[in-house]
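Just below is one structure, and these are the notes that go with it.
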2 protein chains.
Amino acid sequence: MSSNGSRAWSAMIDLIQSQKKWLGERVSEYGLTPQLFHGLDVLAETRGATMSEFAEDMFCDASNATGIVDRLVKRGLVLREASDKDRRVKVVRLTPAGARLQKRVRARLEQEAPPPIAKLSAADHRALRDIIHRALAHVEAARIEEAG
Amino acid sequence: MSSNGSRAWSAMIDLIQSQKKWLGERVSEYGLTPQLFHGLDVLAETRGATMSEFAEDMFCDASNATGIVDRLVKRGLVLREASDKDRRVKVVRLTPAGARLQKRVRARLEQEAPPPIAKLSAADHRALRDIIHRALAHVEAARIEEAG
DNA sequence: TATTGTTATACTCTATAACTATA
DNA sequence: TATAGTTATAGAGTATAACAATA
């Protein structure tokens, strides 16, 4: 494992992989996959999203979003309702059960950092947390810019 | 997007998702998926791994590793050979074409940081790179400990 | 008996293209 | 014509269990 700094981003793929596995093991206890939990997590930050908005928030294809929402609806975690204003549009939001589950799983995940991260120092934890938040703020900003 | 620091790890899932999509778009130009590229990347750091070692390095199930190696072999990027010492064991390693492709794709990826990360300051870049390397060092250490 | 790796199964995720129904 | 969403299709990733060959 070279530490000459030349492979920061491909190294990150290793972390991604190990964390997705870790996440999958955690959320499967609740009958969820990483993607389905991510769907709940995304919807928890809205008061109802269109399918297009949901797909964009999920960084996934529209056809893919349909499948994910199908599975969440089947589990009773999400409602998909026709919009009054534009009958092409579907609005998706959490059911009470979905909101409860999202809170429970998220609380559970926050108790324990993913394995490679968990071993870092407290200072690294804080630094990483701050960097993640700044990175996500850029995602938000880019979206607002696109929309506006 | 709260920045009260209470959701560092579930926030990371957002980053993971967006980066996987970004990665998929990059590597698909080379006929690869994120997983297949990760396979090449993992094998580039060995002189031949058993299927078990490969699965462990990939953080994936053994049955899954079989499928990944199957696809890499079919593309001529990887060889899977029987071991002389233990006839149960298969040894997997890159072909010259696989090694070339791994170098080319990795060089390409290093040219450009994934989108949310790319917007961060140079100082954040450096900090993040260092944290990633320390985290991966812990993964390595844990493996050596397990093995020994 | 235990271990290495594969196969069988079932489901999920992903992307593209074609389609329906609105606008 | 354009847009919102779905369906069809095909491939890929995932986990569990059962299995064959070998140790």
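Numbered from 1 within each chain, the chains take letters A, B, ... in sequence-line order. Hydrogens, waters and symmetry mates play no part in the numbers below; they use all other heavy atoms, side chains included.
D/dA4 atom P lies 10 Å from atom CD of A/E53, rounded to whole Å. Nucleotide C/dT12 holds its P atom 18 Å from the NE2 atom of A/H38, rounded to whole Å. Rounded to an integer number of Å, the gap from A/D61 CG to D/dA4 C1' is 13 Å. Between the CZ atom of A/R88 and the C1' atom of C/dT22 there is a distance of 6 Å, given to the nearest Å. Between the P atom of C/dT3 and the CD atom of B/E56 lies a distance of 15 Å, rounded to the nearest Å. We find that CE of A/M58 is positioned 12 Å from C1' of C/dT12, with the value rounded to whole Å. In this structure, B/D86 places its CG atom 8 Å from P of C/dG5, rounding to the nearest Å. The distance between atom CG of B/L32 and atom C1' of C/dT14, rounded to the nearest whole Å, is 16 Å.
For CZ of A/R26, the number of neighbouring non-hydrogen atoms (other residues, nucleotides, ligands) closer than 6.0 Å is greater than 12. In A/R87, the CZ atom is not crowded: 12 or fewer heavy atoms of neighbouring residues, nucleotides or ligands sit closer than 6.0 Å. Counting non-hydrogen atoms of other residues, nucleotides and ligands closer than 6.0 Å to CZ of A/R75 gives a total above 12.
Nucleic acid contact for B/N64: base, since at least one base atom lies under 4.0 Å from a heavy atom of the residue. When heavy atoms are screened at a 4.0 angstrom cut-off, B/S63 is found touching base atoms of the nucleic acid.
For the pair B/D84 and B/A62, both in contact range of DNA chain D, the more 5′-proximal nearest nucleotide belongs to B/A62. Of the two residues near DNA chain D, B/R87 and A/K90, the one whose nearest nucleotide lies more 5' is A/K90.
Remark: B/L40 CG to B/R104 CZ distance equals 11.5 Å, nearest 0.5 Å.
Within a heavy-atom distance below 4.0 Å of DNA chain D, the residues of residues 65-83 of chain A found are A/T66, A/R80.
Listed for the A/S28 side chain is no donor-acceptor partner under 3.5 Å among the backbone atoms of A/G31.
The two residues A/P34 and A/V27 make their nearest non-hydrogen contact at N-CG2, 3.8 Å.
For C/dT14, the OP1/OP2 oxygens have no side-chain nitrogen or oxygen of B/Q35 closer than 4.0 Å. Remark: A/K21 is in phosphate contact with D/dA15, judged by side-chain N or O atoms under 4.0 Å from OP1 or OP2.
Residues B/F37 and B/L109 meet the side-chain proximity criterion, which asks for heavy atoms closer than 4.5 Å.
If you check D/dA4, C/dT4, D/dA15 against the side chain of A/S52, the one that comes closest is D/dA4. Taking the side chain of B/T33 as heavy atoms from C-beta on, and the options D/dA23, C/dA15, D/dG13, the nearest nucleotide is D/dG13.
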